[in-house]
Amino acid sequence: MAVPRRKTSPHRRGNRRSADAIKAPAYVEDKDSGELRRPHHVDLKTGMYRGRQILNIKSKQAE
């Protein structure tokens, strides 16, 4: 039977268990479009961030 050579330290044990506390990403409803988006991220549907146009969105008709 395999036996650990040394005792696992509390620090190493805690680092291993830290992944247990990871939560699912949060989403908020966008004020302008009503779409769900990540907080502090650009809305990819409209290209807006904090009330300003950041990205130029290509229209579907141009394709």
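Worth knowing before you read on, the calculation uses all heavy atoms, side chains too, and leaves out hydrogens, waters and symmetry mates.
Scanning all heavy atoms of the two residues, the minimum distance from Ala26 to Pro39 falls at O-CD, 3.2 Å.
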Show me the donor-acceptor pairs within less than 3.5 Å that the side chains of residues 46-56 make with the rest of the protein, sequence neighbours left out.
unit_1 : atom_1 : unit_2 : atom_2 : d
Thr46  : OG1    : Asp43  : OD2    : 3.0
Thr46  : OG1    : Met48  : N      : 3.4
Gln53  : NE2    : Thr46  : O      : 3.0
Gln53  : NE2    : Leu55  : O      : 2.6

Tabulate below the donor-acceptor pairs under 3.5 Å that side-chain atoms of residues 16-25 make, not counting sequence neighbours, or state none.
unit_1 : atom_1 : unit_2 : atom_2 : d
Ser18  : OG     : Asn15  : O      : 2.8

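When hydrophobic side chains of Ile, Leu, Val, Met, Phe, Trp and Tyr are connected at separations under 4.5 Å, Val3 ends up as a singleton with no cluster partners.
Arg12 pairs by the side chain to side chain contact (heavy atoms under 4.5 Å, CB included) definition with Thr8, Ser9, not counting sequence neighbours.
Between Tyr27 and Arg37, the closest side-chain pair of non-hydrogen atoms is not below 4.5 Å.
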